[in-house]
Enquirer: 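Starting off with a structure, shown below.
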Amino acid sequence: MADISRRHFLKWGARLAAAMGLAPALATDVAAALADLAASRAPVIWLQGQSCSGCSVSFLNSDHPDPSQVLTGYISLRFHSTLGAATGHVGVDSIKKSMEAGTFFLVVEGAMPMGMPQACMMAHEPVTDQVLRAARRAEAVIALGACAAHGGIPGAENNPTGAVSVPDFLKKQGVDVPMIRLPGCPAHPDWLVGTLVHLIRFGLPELDDQNRPRMFYGRLVHDQCPRFADYERERFASTFSEDGCLFRLGCLGPITRADCNTRLWNQGTNTCINAGAPCVGCAGPDFARTAAFPFYRKGGEAGD
């Protein structure tokens, strides 16, 4: 484990407390939760189903703490097929040992191919079997990203694998375990680290009717939009290069809940709307669900 001082724990605790919308006085509690993660008192098993590994890449873009501090100091990541050094039977054995030891959190990235389990295999075993076995012993399950949370692109209409979200998969298998959805394509690293910290120190965070933490998904993207004034003035862009509200180009910010516009991505650099792209609703339950789902649309007259 990386040598991390109490000062660093308190520094990152204050930063995460702010990111989670908690009072500054709770920074020491958040720091204590980070210490628990660092001391391996809260191991994490991360399994991957049908996904592009985008949420893993997003996780590596974490900032304050940075990826190396998260991976080697703050989170006891017992297994991750992409980031882990262990391969083959050594990696599989690490999963088994972690499950047998108990007291771990399960993070699942990607959809579950219920109609074609052989579409996603690991160690000659369907990932669906591994997820099912781990979920039954986990303290809580975090469905990370659009694919795990709601099915995403793998679970889109007419998909040949019968892919479903992790919550739907576990429900159909009769598994009753605390479940948290962190949708997004990809999910922001703060959403995962903040959720783990909350679970360690404060228990299950307040969730909405879709099992998403309200501290991250409590407000509409539209309400925090940097182009909100353009919407109010009915000043709409007709092309992506124009200034103005992007609603007529397919922006789903008015029906999507996430804090993208205030949290920003890539270490606080930017967000979709600031970059001139409309919100595609990747944090919502209907993202890519149907074949007719419009990621973008041509500009038109009011009412189109």
Enquirer: Same hydrophobic cluster for L264 and V280, using side-chain heavy-atom links shorter than 4.5 Å among ILVMFWY?
Expert: no
Enquirer: For M122, is there any backbone N or O sitting under 3.5 Å from a side-chain donor or acceptor partner on Q130?
Expert: yes
Enquirer: So, R214 side chain and E206 main chain: donor-acceptor pair closer than 3.5 Å or not?
Expert: no
Enquirer: Does the side chain to side chain contact (heavy atoms under 4.5 Å, CB included) test come out yes or no for L144 and W191, once each step is laid out?
Expert: CA-CA 9 Å; L144 181 66; W191 300 344; 6.0 Å; no
Enquirer: Walk me through whether C225 and Y231 qualify under side chain to side chain contact (heavy atoms under 4.5 Å, CB included).
Expert: CA-CA 9 Å; C225 182; Y231 174 84; over 6 Å; no
Enquirer: Quick one: does N159's side chain have a donor or acceptor within less than 3.5 Å of a partner on A156's backbone?
Expert: yes
Enquirer: Restricting to non-hydrogen atoms, name the atom on P183 and the atom on A283 that form the minimum distance, rounded to 0.1 Å.
Expert: CG-O, 3.3 Å
Enquirer: Without hydrogens or angle criteria, can the side chains of D259 and T262 be said to hold a donor-acceptor pair below 3.5 Å?
Expert: no
Enquirer: Is there a side chain to side chain contact (heavy atoms under 4.5 Å, CB included) between H150 and Q210? Walk through the geometry before answering.
Expert: CA-CA 10 Å; H150 297 295; Q210 296 178 27; 3.7 Å; yes
Enquirer: So that I can tick it off, tell me whether E125 and R133 are bridged by a salt bridge, with the cut-off set at under 4.0 angstrom between side-chain N and carboxylate O.
Expert: yes
Enquirer: Test V107 against I45 for side chain to side chain contact (heavy atoms under 4.5 Å, CB included), laying out the working first.
Expert: CA-CA 6 Å; V107 175; I45 296 176; over 6 Å; no
Enquirer: Is it true that a side-chain atom of R227 and a backbone atom of G244 form a donor plus acceptor pair closer than 3.5 Å?
Expert: yes
Enquirer: When V221 is tested against each of T271, L252, I255, I273 for side chain to side chain contact (heavy atoms under 4.5 Å, CB included), which residue passes?
Expert: I273
Enquirer: I'd like to know if the side chain of R257 reaches the main chain of G218, judged simply by a donor and an acceptor atom lying under 3.5 Å from each other, with no hydrogens or angles considered.
Expert: yes
Enquirer: Return the CG to CZ distance between D208 and F216, rounded to the nearest 0.5 Å.
Expert: 12.5 Å
Enquirer: Can you name the closest pair of heavy atoms from P154 and Q50 and give their distance?
Expert: CG-O, 3.4 Å
Enquirer: Could you tell me the separation between the CD atom of E232 and the SG atom of C245, rounded to the nearest 0.5 Å?
Expert: 9.5 Å
Enquirer: Once rounded to the nearest 0.5 Å, what's the spacing between atom CG of L246 and atom CZ of R248?
Expert: 12.0 Å
Enquirer: Rounded to the nearest 0.5 Å, what separation is found between the CZ atom of F59 and the CG atom of D190?
Expert: 11.0 Å
Enquirer: Is there a path from W46 to M121 through hydrophobic residues (I, L, V, M, F, W, Y) whose side chains come within less than 4.5 Å of each other?
Expert: no
Enquirer: Please report the shortest heavy-atom distance between V141 and A135, naming the atom on each side.
Expert: CG2-CB, 4.0 Å
Enquirer: Which pair of non-hydrogen atoms, one from A140 and one from V177, has the smallest distance, and what is that distance?
Expert: CA-CG2, 4.2 Å
Enquirer: Between the main-chain N or O of E157 and the side-chain N or O of T290, is there a donor-acceptor pair closer than 3.5 Å?
Expert: no
Enquirer: Tell me whether F295 is reachable from F240 by hopping between hydrophobic residues (I, L, V, M, F, W, Y) whose side-chain heavy atoms are closer than 4.5 Å.
Expert: yes
Enquirer: When rounded to the nearest 0.5 angstrom, what is the spacing between CD in Q224 and CZ in R219?
Expert: 4.5 Å
Enquirer: Side-chain heavy atoms under 4.5 angstrom apart, residues restricted to Ile, Leu, Val, Met, Phe, Trp, Tyr: same cluster for M215 and L220?
Expert: no
Enquirer: What are the two closest non-hydrogen atoms of T103 and P43, and how far apart are they?
Expert: O-CD, 3.1 Å
Enquirer: Do you reckon M116 sits in the same ILVMFWY cluster as V166, going by side-chain contacts under 4.5 Å, direct or chained?
Expert: no
Enquirer: Distance from L182 atom CG to E109 atom CD, nearest 0.5 Å?
Expert: 11.5 Å
Enquirer: What is the minimum heavy-atom distance between M179 and N211, and which atoms define it?
Expert: O-ND2, 2.9 Å
